[in-house]
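Everything below concerns the one structure shown next.
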Amino acid sequence: MNPNDLLASVSTTSDEAEIYTPMPAGYKPGKTKYVVVFGTVMSGLGKGILASSLAKVLKDKGLTVAPIKLEGYLNLDSGTLNPFRHGEVFVLDDGIECDMDLGTYERMLDQDLTRLNFTTSGQIFSRVLEKERKGSYLGRDVQMIPHVTGEVKARLRELAVNTDADVVFVEIGGTVGDVENNYFIEAMRQMAFEEGPGSTCFVALTYVIEPAALGEQKSKAAQLGIRSLMECGIQPHVVACRARNPVGRKVREKLALYSSVPMDRVFSMHDCDSIYLIPEMLRGAGLDTAVIDILKLADRCHPEMETRARQTWTDYITRLRAASKTITIGITGKYTSVRDSYASVIKAFEHAGTHAGVKVHIDWIDTTEITEENVAEKLAHCDAMMTPGGFGARGAEGKITCIRHARTIGLPFLGICYGFQMAVIEFARNVCNLEGANSTEIDPESRHPVIDILPEQKQIEGLGGNMRLGGRDLQIKPATLTAALFNNAPEVRMRFRHRWEVEPRYIEAIEKAGMIFSGKDPNFPIMQVLELPQSTHPFFVATQAHAEMTSRPLRPDPLYLGLVKAAIARKSHANPITESSNPTWTASV
Ligand code: GLN
């Protein structure tokens, strides 16, 4: 049967139908192809990195791509997840709080995503239950198959309709064999069947173990992992092998034989210095053309666009590799032992460092251990300091102590979100002499609540999805350091995730004492960027926004870049670079 006929036959949802495939209006069968990435053996192998790199190499060919992550957990979004367990909560422009992998996609593809690109089991099941209450299932008992799987397929097709994508990249969360992700795999099997041959490319990401005691690579775990996938009815087209070292021919041959995947599609995705090297690794192994062949997309590709895109990317990689000098930036935070909680921050420094021609060494400084006595020693080796976002009282006083130190000794400083609020508290206490100044998040009884809960937040109860979230415009004050960093753009757009803000009645006193609020909300008295005049400090900037979330390899965030340049200047005892513009950055308003 031709795929279009098949789709026509399954799109009915009568009470007798055994197949349930709700088809969004405007869906064009055959227009959108699907690449689905599954993880085997263990989680944390970088499915998002593989999927986004593959998406990038196809995008470079002129194809329109749209990623989607399917998460097995029952939460509606990632907003209430502890970054200790799940890594950072990434916020998209439309305000959805999602998995950190969405950050990887935005950075790799240089593309803004929306809530359509992120689905959890919680979202799928709520939709099913809503429909059940409305009687949409026409008297049927509602089942995992076909109703829940039908909803998964509907999400992919809705994304296809909304983005008009040539290729939708699906990343299945977790590992093959997890109970909570099994129905996603089943939905993908059905999807490939319904869409027909040449519509779907299945990619199995696996792990090749190299036990130190043996000193050689072993393929058994990878074989078993791929076998579990095949037991679900999925025949992979591509196998990507994560490993410490390049995966040898012998192991790849074994995997090819056991998984019936041709050798040239068994790809070694071994450790490398930066994830941004992976697109070139994929191209080098010919996987871009392999996927194009499998999906029969050759006639939609534009070789001249690819040449240009590849050149730009190669230039970036060359700069990344060429950076030889190192600067040290101290990150003064609370979750410093779990790197994934600062995934975007690390990337923003990598982008800024590459553009400024240095390697950024990050020194993680746990502020729960900072005191007045040890602060100078703990920060002595840092060329600059950054205080990231955070929540709650623990470690907050240590952050304030660090900021005071940075302010008084002229150490370049960037504060992000909570770091911005801590900078205001420090200034209020030590410069404005507002004794006991604090945030009501830390001390609800503070005499001077210079940071207080946003008026719109005061009525809200519960914790899910209720912060000031997503993209907002910022009005930039002319003739400030901030304005110079943003190339004098009058307005810029950044991402937010906070509940507290500078209490408006303290703004005047703070500004009188010398702090400049250089970025504000265009419509409300919400302070978004602050700085100290450069006559008093070489680089003291903080923002209520999560500037790292909009940093991209080819368009580094201007504030992070400013800090890195100030650190270079400090290290070489020169003046910080503030006037020089950042030619690659344009206001994204
Ligand atoms: N806890 C602060 C607030 O809610 C800062 C949040 C953050 O750093 N993301 O306003």
Side-chain angles (χ1 to χ4, degrees), residues 78-91 97 100 103 329-349 362-371 375 378-379 382 384-407 413-429 437-444 446 449-454 457 463 466-469 494-502 527-530 541-549 557 559-560 563:
S78 310
T80 53
L81 299 185
N82 179 347
F84 257 133
R85 283 177 66 97
H86 287 274
E88 104 189 327
V89 178
F90 195 81
V91 184
E97 298 171 284
M100 56 185 271
I329 296 194
I331 296 193
T332 50
K334 183 168 69 170
Y335 295 129
T336 49
S337 58
V338 188
R339 299 298 128 86
D340 272 359
S341 14
Y342 298 110
S344 297
V345 167
I346 296 170
K347 284 291 154 209
F349 276 125
I362 294 176
D363 194 13
W364 301 94
I365 297 166
D366 183 350
T367 53
T368 53
E369 289 162 11
I370 294 283
T371 61
V375 65
K378 294 258 185 195
L379 292 172
C382 296
M385 178 187 125
M386 186 278 204
T387 305
F391 293 84
R394 204 168 64 83
E397 283 304 320
K399 289 179 189 174
I400 294 170
T401 307
C402 289
I403 295 170
R404 179 182 187 174
H405 182 75
R407 183 176 58 77
F413 163 75
L414 177 66
I416 294 288
C417 204
Y418 210 33
F420 166 93
Q421 298 172 358
M422 297 297 111
V424 171
I425 295 169
E426 190 281 318
F427 194 80
R429 284 185 194 172
N438 216 332
S439 163
T440 52
E441 180 176 358
I442 301 167
D443 176 9
S446 166
V450 289
I451 303 294
D452 202 359
I453 203 149
L454 285 158
Q457 299 291 337
L463 286 177
N466 61 17
M467 285 188 255
R468 180 169 180 258
L469 287 167
M494 295 173 95
R495 303 256 173 103
F496 291 82
R497 182 172 186 252
H498 66 123
R499 213 172 265 127
W500 277 263
E501 61 158 340
V502 180
M527 301 300 104
Q528 324 239 53
V529 190
L530 64 78
V541 177
T543 176
Q544 185 65 77
H546 284 281
E548 64 278 1
M549 291 190 187
D557 169 71
L559 305 183
Y560 277 81
L563 183 75

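Keep in mind that the numbers below use all heavy atoms, side chains included, and drop hydrogens, waters and symmetry copies.
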Non-hydrogen side-chain atoms of Lys378 and Glu369 separated by less than 4.5 Å: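 Counting from C-beta outward, Lys378 and Glu369 do come under 4.5 Å.
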
Using side-chain heavy atoms (C-beta onward) and a distance below 4.5 Å, is Ile451 in contact with Val502?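 Side-chain contact under 4.5 Å: yes.
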
Can you name the side-chain hydrogen bond (donor to acceptor under 3.5 Å, both in side chains) partners of [X], sequence neighbours left out?
| X | value |
| --- | --- |
| Ser344 | Glu88, Arg107 |
| Arg404 | none |
| Asp363 | His381 |
| Glu397 | Arg429 |

Only pairs under 3.5 Å count here: list side-chain donor-acceptor contacts from residues 416-424, not counting sequence neighbours, and write none if there are none.
| residue | atom | partner | partner atom | Å |
| --- | --- | --- | --- | --- |
| Tyr418 | OH | Gly392 | O | 2.7 |
| Gln421 | NE2 | Trp500 | O | 3.1 |
| Gln421 | NE2 | Gln544 | OE1 | 3.2 |

Pro449: which residues meet the side chain to side chain contact (heavy atoms under 4.5 Å, CB included) condition with it, sequence neighbours left out?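 With neighbours one apart ignored, the set is Thr440, Ser446, Arg505, Tyr506.
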
Partner set under side chain to side chain contact (heavy atoms under 4.5 Å, CB included) for Ala384, not counting sequence neighbours: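 Per chain and number, Ala384 pairs via side chain to side chain contact (heavy atoms under 4.5 Å, CB included) with Ile329, Pro412, Leu563, Ala567.
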
If you measure from [atom1] on [X] to [atom2] on [Y], what distance do you get to the nearest 0.5 Å?
| X | Y | atom1 | atom2 | result |
| --- | --- | --- | --- | --- |
| Glu426 | Cys402 | CD | SG | 11.0 Å |
| Ile425 | Asn438 | CD1 | CG | 5.0 Å |
| Ile331 | Cys382 | CD1 | SG | 10.0 Å |
| Ile453 | Arg468 | CD1 | CZ | 13.5 Å |

Under the ring-ring contact (aromatic ring centres under 6.0 Å, His included) test, residues paired with Phe349 that sit two or more places apart: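 For Phe349, the residues satisfying ring-ring contact (aromatic ring centres under 6.0 Å, His included) (neighbours in sequence not counted) are Tyr560.
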
Residues in ring-ring contact (aromatic ring centres under 6.0 Å, His included) contact with Phe90, at least two apart in sequence or another chain: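 Phe90: no ring-ring contact (aromatic ring centres under 6.0 Å, His included) contacts found.
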
Non-neighbouring partners of [X] that pass salt bridge (charged side-chain N to carboxylate O under 4.0 Å, His left out), sequence neighbours left out:
| X | result |
| --- | --- |
| Arg497 | Glu97 |
| Glu501 | none |
| Lys399 | none |

We want to know whether His546 and Arg495 form a side-chain donor-acceptor pair, criterion being a heavy-atom distance below 3.5 angstrom.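 There is no such pair between these side chains.
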
Do the side-chain N and O atoms of Thr367 and Thr332 include a donor-acceptor pair separated by under 3.5 angstrom?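 There is no such pair between these side chains.
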
Start with the C-alpha distance between Met467 and Phe496, add both sets of side-chain angles, then the distance that settles side-chain contact (heavy atoms from CB on, under 4.5 Å), and finish with yes or no. CA-CA 9 Å; Met467 285 188 255; Phe496 291 82; over 6 Å; no

Leu414/Leu559 under side-chain contact (heavy atoms from CB on, under 4.5 Å): CA gap, chis, key distance, verdict: CA-CA 8 Å; Leu414 177 66; Leu559 305 183; 4.0 Å; yes

Restricting to non-hydrogen atoms, name the atom on Gly330 and the atom on Ile365 that form the minimum distance, rounded to 0.1 Å.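 For Gly330 and Ile365, the tightest heavy-atom pair comes out as CA-CD1, 3.9 Å.
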
Taking NZ, NE, NH1 and NH2 as the nitrogens, is one of them in Lys347 or Glu548 under 4.0 Å from a carboxylate oxygen of the other?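 The answer is no: the pair does not qualify as a salt bridge.
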
Can you check side-chain contact (heavy atoms from CB on, under 4.5 Å) on Phe413 and Met386, steps first, answer last? CA-CA 6 Å; Phe413 163 75; Met386 186 278 204; over 6 Å; no

